[in-house]
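Everything numeric here is computed off the predicted structure, so don't read it as measured data. Every heavy atom of this structure was used, including side-chain atoms; hydrogens, water molecules and symmetry mates were not.
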Amino acid sequence: MWQTIKNAFIAPDIRKKILITLFLLLLYRVGCFVPVPGLNFETFSANQSSTANDLFSMMSTITGGSLQYGTVFALGILPFINASIIMQLLTLVFPRLERLSKEGEEGREKINQYTRIFSVVLGIVQGIGVVISWRSSITGVFVGKDSTVDQVFTMIFIVLILTGGSCLVMWLSERITEYGIGNGSSLIIFVGIISTLGDTILSAMTNVIPSQIRNNDTTGIWFLLGFLVLIVLLFGLIVFIDSSERRIPVVYAKRVRGNKMYGGQNTFIPIKVNSGGVMPIIFASSLIMFPQMIMQFADPNMESGFVRWWYQWMGVGSYLYGPIMFLLIIFFAFFYAQIQFNPDDVARMIQQNGGSVPGFRPGRNTSEHLRKINNRITLFGAIYLGFIALIPIYILGYIDGFKALGLSNSFTATGLLIVVSVALELDKQLQSQLMIKANKGFLK
């Protein structure tokens with residue numbers, strides 16, 4: 001990977017894309033430190049410490065700590081991710097959206113425009129919820145600090161700022177995708193998780209562990225080492241599964257056209273074990289957080305019986321959170337597999353080019369064979385993703401040593417999967433760009 005990065009910086013056009021990506025990510029991180037006007041940050045910090053929960057810890061991790069510190073990028077990329085989930089689900093329900101998705105670049109651009117509009121709506125809704133949860137820390141900035149009307153106007157002002165910040169993050173992610181290297185949304189989440197992990201480990205090494213050592217307690221050191229070993233093991237597992245694929249052999253018959261002979265070669269169809277990559281976990285995490293986030297904003301004191309029931313049984317960190325997360329990951333893994341690999345289209349293409357899968361007739365039999373293999377591989381990949389997602393819930397979340405260091409909430413195996421998957425995808429894109437550049441003269 002380091003050699004790939006070195007070669008990428010040598011090529012001027014690829015170096016330009018990398019520098020654009022780094023510059024846009026730097027702009028994002030700068031926005032993560034710009035405070036929202038109208039907040040009393042002494043009261044805000046105290047309230048954040050007293051009302052910290054698994055939901056806000058997870059959201060703060062994804063946004064790189066912006067939500068925790070009350071900055072203009074507190075919503076981050078979450079509204080856009082939620083809008084993308086909902087739009088992709090609606091594409092399966094409404095025939096008009098399905099037709100748009102099949103109309104090429106123009107249709108996809110229309111769906112992207114609908115997604116942007118919907119993400120603004122979700123940003124306003126989530127911004128209102130965030131402001132409601134911050135209302136005890138909001139001071140007036142227009143008329144006077146003791147004016148109720150002034151506080152209401154300040155809350156509206158903060159909602160607009162948070163929504164605008166979310167739109168700016170969405171714009172930065174699209175510019176990264178268009179002019180830089182990699183997927184912008186994934187890279188923004190990647191940077192947020194890495195920054196949160198760095199802050200947590202630094203805090204554990206400079207604050208928690210030294211105070212334990214002064215009390216003749218060295219367990220913090222061992223738990224930190226165990227956490228690093230766990231990261232290395234998960235890193236190896238993720239890299240191994242991400243590079244695994246099932247190769248289905250395809251044989252093309254010889255055909256004579258004029259004086260030339262075509263075909264007569266053997267090839268294969270690669271089907272990745274984890275074809276959806278990190279997106280099933282991102283979508284599942286965002287979807288499971290959304291209802292609880294609305295309830296947290298609408299009823300922060302949990303006065304409603306339904307809200308208390310949801311928190312106890314269905315919310316983040318509840319009894320059923322792990323199984324629900326596991327089932328949602330399996331659903332989105334199959335959902336993404338159906339989008340990326342269509343057995344009917346692949347079988348039709350093989351038949352039209354005079355090919356066949358050994359042991360199966362071209363057409364319907366080949367399609368059923370490919371579908372069966374794809375479903376089995378997708379199921380294995382979905383179980384693997386679920387296993388990765390459940391590790392922080394049942395290991396990091398229930399062991400006091402990890403919780404004392406703050407490692408259970410600030411960084412998860414899900415975050416590690418996102419980090420590793422994005423890094424591997426970035427490496428593949430760099431290699432692809434280098435290969436295209438190396439073969440450009442030959443292709444001409």
Please round to the nearest 0.5 Å and tell me the distance separating atom [atom1] of [X] and atom [atom2] of [Y].
X: Leu22; Y: Ile181; atom1: CG; atom2: CD1; result: 10.5 Å
X: Ile124; Y: Leu160; atom1: CD1; atom2: CG; result: 7.5 Å
X: Phe118; Y: Met87; atom1: CZ; atom2: CE; result: 8.0 Å
X: Leu162; Y: Phe157; atom1: CG; atom2: CZ; result: 10.5 Å
X: Leu19; Y: Leu26; atom1: CG; atom2: CG; result: 12.0 Å
X: Leu168; Y: Ile161; atom1: CG; atom2: CD1; result: 12.5 Å

Taking [X] for the side chain and [Y] for the main chain, is one N or O donor matched with an acceptor at less than 3.5 Å?
X: Thr163; Y: Val159; result: yes
X: Thr71; Y: Phe33; result: no
X: Ser173; Y: Met170; result: yes
X: Asn375; Y: Arg371; result: yes
X: Ser244; Y: Val273; result: no

### Query
Is it true that atom CD of Glu106 has more than 12 heavy atoms of other residues, nucleotides or ligands lying nearer than 6.0 Å?
no

### Message
Are there over 12 heavy-atom neighbours, none belonging to Phe334, within less than 6.0 Å of that residue's CZ?
### Response
yes

Within the 4.5 Å heavy-atom criterion, are [X] and [Y] side-chain neighbours or not?
X: Arg376; Y: Phe380; result: no
X: Phe268; Y: Ile248; result: no
X: Phe331; Y: Pro280; result: no
X: Phe80; Y: Ser185; result: yes
X: Ile350; Y: Ile269; result: yes
X: Tyr384; Y: Ile238; result: yes
X: Ser119; Y: Asn82; result: no
X: Phe387; Y: Leu237; result: yes

#### Entry: Nearest heavy-atom neighbours spanning Thr177 and Gly184
OG1-N, 2.8 Å

### Query
Which heavy atom in Ala337 sits nearest to a heavy atom in Thr378, and how many Å separate them?
CB-OG1, 3.5 Å

### Task
Fit a plane to each ring of Phe335 and Phe332, take the angle between them on a 0 to 90° scale, and name the class: parallel (under 30°), tilted (30 to 60°) or perpendicular (over 60°).
perpendicular

### Salt bridge flag under 4.0 Å for residues Glu109 and Arg116
yes

### Query
Would Glu245 and Arg247 pass as an ion pair if we require N to O under 4.0 Å?
yes

### Task
In sequence, state the C-alpha distance, the side-chain angles, and the governing distance for Tyr114 and Leu100, and then conclude on side-chain contact (heavy atoms from CB on, under 4.5 Å).
CA-CA 11 Å; Tyr114 295 152; Leu100 277 177; 3.9 Å; yes

